[in-house]
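Written out below as C-alpha cells is the structure these notes cover.
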Amino acid sequence: MDWCEAAPLATPLRHRVFVVEQGVPPELEMDALDSSCRHAVVRNAAGDVIATGRLLPDGHIGRMAVAAAWRKRGVGGVVLEALVAEAAARGMGEVVLNAQVHAEPFYRRHGFAAEGEIFMEAGIAHRAMRRPLSARA
C-alpha cells in the first residue's frame, strides 16, 4: 500500500517500537522517504496493527516493526516476504537492508546474507544484508 493508506496504520506501531522501545529519536524514525515507498501492514483478528515494513524504490527494505506480543510468531516473516514479493513484482534483482545485529538470524532464515562490518545507525548496531531475488523470490 502507499503511504497515504499506510501512515495512520503504521505510524503508531513504528513510534512504539522504534522511539519508545529502542530510543530512536522521532526525527530519525520518520523521514521523507515514506511517501515514495510501498508499505506492508499486518493486522490481527481484532484489527490491531501488529507488524509493518517498507520497500524503498531502490530495493531497500526498512522500518520492519512487530508489536512486542507478536514477536517470534511468524508475523515479521509475513511482512518481510510481502516486501520481497513486491520487489520481485517490480523487477528488482535483489533486496537489501540494514539489520539490527540482534535480528540477523531472522533475516538469514529468509535468505539474506550479511555483508561488511557492523556499523551504528540511530545508536543501534546494524549490519548490511542482501538477498538476490533470482534465487529465492
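In this chain, numbering begins with 1 at the start of the sequence shown.
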### Query
Between Leu13 and Ala65, which heavy-atom pair has the shortest distance, and what is it?
CD2-O, 3.7 Å
### Message
Using the side chain to side chain donor-acceptor pair (under 3.5 Å) criterion, which residues pair with Arg38? Sequence neighbours excluded.
### Response
none
### Message
Are Val78 and Leu80 linked, directly or through intermediate hydrophobic residues, by side-chain heavy-atom contacts shorter than 4.5 Å (ILVMFWY only)?
### Response
yes
### Query
Any side-chain donor-acceptor pair under 3.5 Å between Gln100 and Glu121?
no
### Task
Over all heavy atoms of both residues, which pair between Val79 and Gly53 is shortest? Give the atoms and the distance, please.
CG1-N, 3.6 Å
### Task
Sequence neighbours left out, what passes side chain to side chain contact (heavy atoms under 4.5 Å, CB included) with Ala122? Give chain and number order.
Val24, Leu28
### Query
For Pro57, which residues count as a side chain to side chain contact (heavy atoms under 4.5 Å, CB included) partner, sequence neighbours excluded?
Ser36
### Message
Applying side chain to side chain contact (heavy atoms under 4.5 Å, CB included), can you list everything that pairs with Ala113, at least two apart in sequence or on another chain?
### Response
none
### Summary
Residues at least two apart in sequence or cross-chain that pass salt bridge (charged side-chain N to carboxylate O under 4.0 Å, His left out) with Asp48, listed by chain then number, are none
### Query
Of all heavy-atom pairs between Arg54 and Leu83, which one has the smallest distance, and what is that distance?
N-CD1, 3.6 Å
### Query
What pairs with Glu117 under side chain to side chain donor-acceptor pair (under 3.5 Å), at least two apart in sequence or on another chain?
none
Run the side-chain donor-acceptor check on residues 87-97: report pairs under 3.5 Å with partners two or more places apart or on a different chain.
| unit_1 | atom_1 | unit_2 | atom_2 | d |
| --- | --- | --- | --- | --- |
| Arg90 | NE | Glu86 | OE2 | 2.6 |
| Arg90 | NH2 | Glu86 | OE2 | 3.1 |
| Glu94 | OE1 | Arg130 | NH1 | 3.0 |
| Glu94 | OE2 | Arg130 | NH1 | 2.4 |

### Message
Is there a continuous path of hydrophobic side-chain contacts, each under 4.5 Å between heavy atoms, that joins Leu133 to Met64?
### Response
yes
### Query
Do the side chains of Val84 and Arg131 get nearer than 4.5 Å, heavy atoms only?
yes
### Task
Decide whether Leu33 and Met30 are clustered together by the hydrophobic rule: side chain heavy atoms of Ile, Leu, Val, Met, Phe, Trp, Tyr closer than 4.5 Å, transitively.
no
### Query
Which pairs pass ring pair (Phe, Tyr, Trp, His ring centres under 6.0 Å) with one or both residues in residues 73-107, sequence neighbours excluded?
Phe106-His110, Tyr107-Phe112
### Query
At their closest point, which heavy atom of Glu104 faces which heavy atom of Ala114, and how far apart are they?
OE1-CB, 3.7 Å
### Query
For Trp3, which residues count as a ring pair (Phe, Tyr, Trp, His ring centres under 6.0 Å) partner, sequence neighbours excluded?
His39
### Task
Using side chain to side chain donor-acceptor pair (under 3.5 Å) as the criterion, list what pairs up with His60, not counting sequence neighbours.
Asp58
#### Entry: Value rounded to 0.5 Å, distance of CD1 in Ile61 from CE in Met129
11.5 Å
#### Entry: Val101: hydrophobic cluster co-members (side-chain, 4.5 Å)
Ile118
### Task
Hey, could you give me each pair passing salt bridge (charged side-chain N to carboxylate O under 4.0 Å, His left out) that has a residue in residues 2-26? Not counting sequence neighbours.
Arg14-Glu29, Arg14-Asp34, Glu21-Arg71
### Message
Could you check whether any side-chain heavy atom of Val41 comes within less than 4.5 Å of a side-chain heavy atom of Ile50, counting everything from C-beta outward?
### Response
no
### Query
Any side-chain heavy atom of Thr52 sitting closer than 4.5 Å to one from Arg63?
no
### Task
Check whether any side-chain heavy atom of Leu55 lies under 4.5 Å from a side-chain heavy atom of Cys37, and answer yes or no.
no
### Message
If I compare all heavy atoms of Val66 with all of Gly76, which pair ends up nearest, and what's the gap?
### Response
CG2-CA, 3.7 Å
